[in-house]
Amino acid sequence: MKKFKVVVTDWEYDDLRFEEAVLNHPDIELVPAQCRTEDDVIAACKDADALINQYAPIGRKVIEALENCKVITRYGVGVNTIDLDAATEKGICVANVPDYCMDEVADHALALLMSWTRKVPIANYYVKNGRWDFKVTQPIYRLRGRKLGLVGFGKIPQALAAKTKPLGLEVIAYDPFFPADVAKQMGVELVSLDELCQQSDIISVHAPLMAATKGMIGKEQFAQMKKETIIINTSRGPVIDEPALIEALQNGQIAGAALDVAEQEPINQDNPMLKMENVILTPHVAWYSEEAAEEMRSKAAMGVVDTLIHGEYPKYLVNKQVREVVSLKETQPEERYAPLVR
């Protein structure tokens with residue numbers, strides 16, 4: 001029997017040991033590649049049965065060139081590197097790993113919130129440069145009683161809401177797809193985006209990047225915010241209109257920002273935010289812990305096993321409409337995934 005060819009299109013890890021452990025099967029051949037362009041992907045993956053993807057572009061041109069592919073899995077939550085419509089039309093399952101770093105991202109958003117509101121980076125900078133003076137951090141406002149607005153109310157912002165409640169923050173959220181009664185049971189009021197911008201002292205963005213959310217926080221939204229508002233983003237850079245954010249910071253429309261993501265990554269070295277004292281920047285690290293990295297990589301590989309070896313839709317199927325094009329089994333035993341959770 002011919003082995004299934006599984007290509008890792010690209011990766012930024014030291015090795016592929018977790019993928020190799022999951023895909024250690026006599027019917028699977030794991031092929032590492034480091035593709036950067038669509039032509040690179042086509043050359044490496046044309047005859048592949050499955051792809052594991054990080055950043056390499058998998059657009060319609062690539063998908064139409066794939067001769068045998070049954071499943072594409074992606075490291076992480078977002079699938080914006082993959083043309084979902086093209087994959088669905090061709091009967092290719094697309095899967096992600098939506099649950100590997102919920103605590104890590106919520107913790108990082110909380111760390112950014114606390115660091116900015118207590119002016120920790122500013123205080124640290126001045127102390128290390130010989131100035132011992134609390135006035136360099138002014139103004140600092142008490143957290144208790146202030147309002148945190150969450151853009152999106154999926155599992156990560158839900159976790160953040162739970163972590164911030166003991167701090168005395170009032171939490172509101174904007175999510176047109178989340179049931180208001182369920183949010184209310186969790187002590188969170190759902191509001192419109194306009195209301196969130198107008199009421200919040202701190203805004204934390206958790207929306208996935210798609211056509212409908214690109215630039216959803218822009219000039220109109222910044223114009224409605226308080227001058228004391230800070231904005232945090234641990235989702236995707238383009239969800240915020242970055243030129244509008246820079247203008248709002250320069251004009252004093254808002255007090256500051258704490259960002260783990262940027263419109264372009266790595267961030268351009270001429271980006272004005274690099275020189276702004278009221279902006280905290282981290283290098284898209286919110287997802288990371290040793291445990292989360294292992295879980296993400298192992299689960300991405302297991303999505304391939306689901307389809308190629310077990311004949312099932314992958315556990316974390318994204319393009320659910322593919323069920324109308326290709327018929328696979330629905331069962332995914334939880335015990336198969338249990339050892340992958342660290």
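Numbering starts at 1 and runs along the sequence shown. Just so it is clear, the model here is predicted, and its values are computed rather than measured.
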Assess whether a salt bridge exists between [X] and [Y], defined as any Lys/Arg side-chain N lying under 4.0 Å from an Asp/Glu carboxylate O.
| X | Y | result |
| --- | --- | --- |
| Lys219 | Asp241 | no |
| Lys61 | Asp39 | yes |
| Lys163 | Asp103 | yes |
| Lys90 | Asp83 | no |

Given side chains that start at C-beta, do those of [X] and [Y] come closer than 4.5 Å, heavy atoms only?
| X | Y | result |
| --- | --- | --- |
| Val77 | Tyr100 | yes |
| Val205 | Met216 | no |
| Met302 | Val305 | yes |
| Lys214 | Arg236 | no |
| Met273 | Glu242 | yes |
| Trp287 | Tyr75 | no |
| Val120 | Met114 | no |
| Leu317 | Asn319 | yes |

Tell me whether [X] contacts the main-chain N or O of [Y] through its side chain, where contact means a donor paired with an acceptor under 3.5 Å.
| X | Y | result |
| --- | --- | --- |
| Gln34 | Trp11 | yes |
| Thr307 | Glu312 | yes |
| Asp133 | Lys135 | yes |
| Arg60 | Glu64 | no |
| Ser200 | Cys197 | no |
| Asp40 | Thr37 | yes |
| Lys5 | Lys3 | no |
| Asn53 | Thr9 | no |
| Asn278 | Ala255 | yes |
| Ser289 | Ala292 | yes |

Report whether [X] and [Y] are members of the same hydrophobic cluster (ILVMFWY, side-chain heavy atoms less than 4.5 Å apart, transitive linking).
| X | Y | result |
| --- | --- | --- |
| Ile156 | Leu110 | no |
| Val261 | Ile267 | no |
| Val41 | Val8 | no |
| Val318 | Val326 | no |
| Leu190 | Leu193 | no |

Between Tyr316 and Asp306, a side-chain donor and acceptor under 3.5 Å: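 There is no such pair between these side chains.
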Side-chain donor-acceptor contact under 3.5 Å, Tyr55 with Glu12: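 Side-chain D/A pair, Tyr55 to Glu12: present.
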Nearest 0.5 Å please: distance from the [atom1] atom of [X] over to the [atom2] atom of [Y].
| X | Y | atom1 | atom2 | value |
| --- | --- | --- | --- | --- |
| Arg142 | Leu167 | CZ | CG | 13.5 Å |
| Tyr174 | Leu196 | OH | CG | 10.0 Å |
| Asn24 | Leu30 | CG | CG | 10.0 Å |
| Arg323 | Leu328 | CZ | CG | 9.5 Å |
| Leu51 | Ile72 | CG | CD1 | 5.5 Å |
| Met102 | Leu160 | CE | CG | 13.5 Å |

Counting heavy atoms not belonging to [X], are there more than 12 under 6.0 Å from its [atom1]?
| X | atom1 | result |
| --- | --- | --- |
| Arg118 | CZ | no |
| Tyr13 | OH | yes |
| Lys320 | NZ | yes |
| Glu324 | CD | no |

How far apart are the closest heavy atoms of [X] and [Y], and which atoms are they?
| X | Y | answer |
| --- | --- | --- |
| Lys119 | Pro139 | NZ-O, 2.7 Å |
| Ile63 | Ala87 | CD1-N, 3.7 Å |
| Leu169 | Lys147 | CD2-N, 4.5 Å |
| Pro314 | Cys93 | CD-CB, 3.8 Å |
| Glu89 | Val325 | O-CG1, 4.1 Å |
| Met186 | Lys165 | O-NZ, 3.5 Å |

Test log, rule side-chain contact (heavy atoms from CB on, under 4.5 Å), inputs Tyr288 and Glu104: CA-CA 7 Å; Tyr288 171 70; Glu104 283 80 0; over 6 Å; no
Working for side-chain contact (heavy atoms from CB on, under 4.5 Å), residues Ser204 and Leu148: CA-CA 7 Å; Ser204 189; Leu148 169 64; 4.2 Å; yes
Among Ile217, Asn251, Leu249, side-chain contact (heavy atoms from CB on, under 4.5 Å) partner for Phe222: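 The side-chain contact (heavy atoms from CB on, under 4.5 Å) with Phe222 is passed solely by Ile217 among Ile217, Asn251, Leu249.
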Single hit among Val171, Thr229, Thr117 for side-chain contact (heavy atoms from CB on, under 4.5 Å) with Ile202: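 For Ile202, the side-chain contact (heavy atoms from CB on, under 4.5 Å) test succeeds with only one of Val171, Thr229, Thr117, which is Thr117.
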Whether Phe153 and Phe178 hold their rings parallel, tilted or perpendicular, with breakpoints at 30° and 60°: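 Because their plane-to-plane angle is over 60°, the rings of Phe153 and Phe178 count as perpendicular.
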Gln138/Phe134 under side-chain contact (heavy atoms from CB on, under 4.5 Å): CA gap, chis, key distance, verdict: CA-CA 7 Å; Gln138 291 177 323; Phe134 81 91; 3.5 Å; yes
Glu195 vs Glu189, side-chain contact (heavy atoms from CB on, under 4.5 Å): CA-CA, chis, key distance, verdict: CA-CA 11 Å; Glu195 289 171 321; Glu189 179 189 2; over 6 Å; no
Derivation and outcome, side chain to side chain donor-acceptor pair (under 3.5 Å), residues Asp260 and Thr282: CA-CA 5 Å; Asp260 184 54; Thr282 57; 2.6 Å; yes
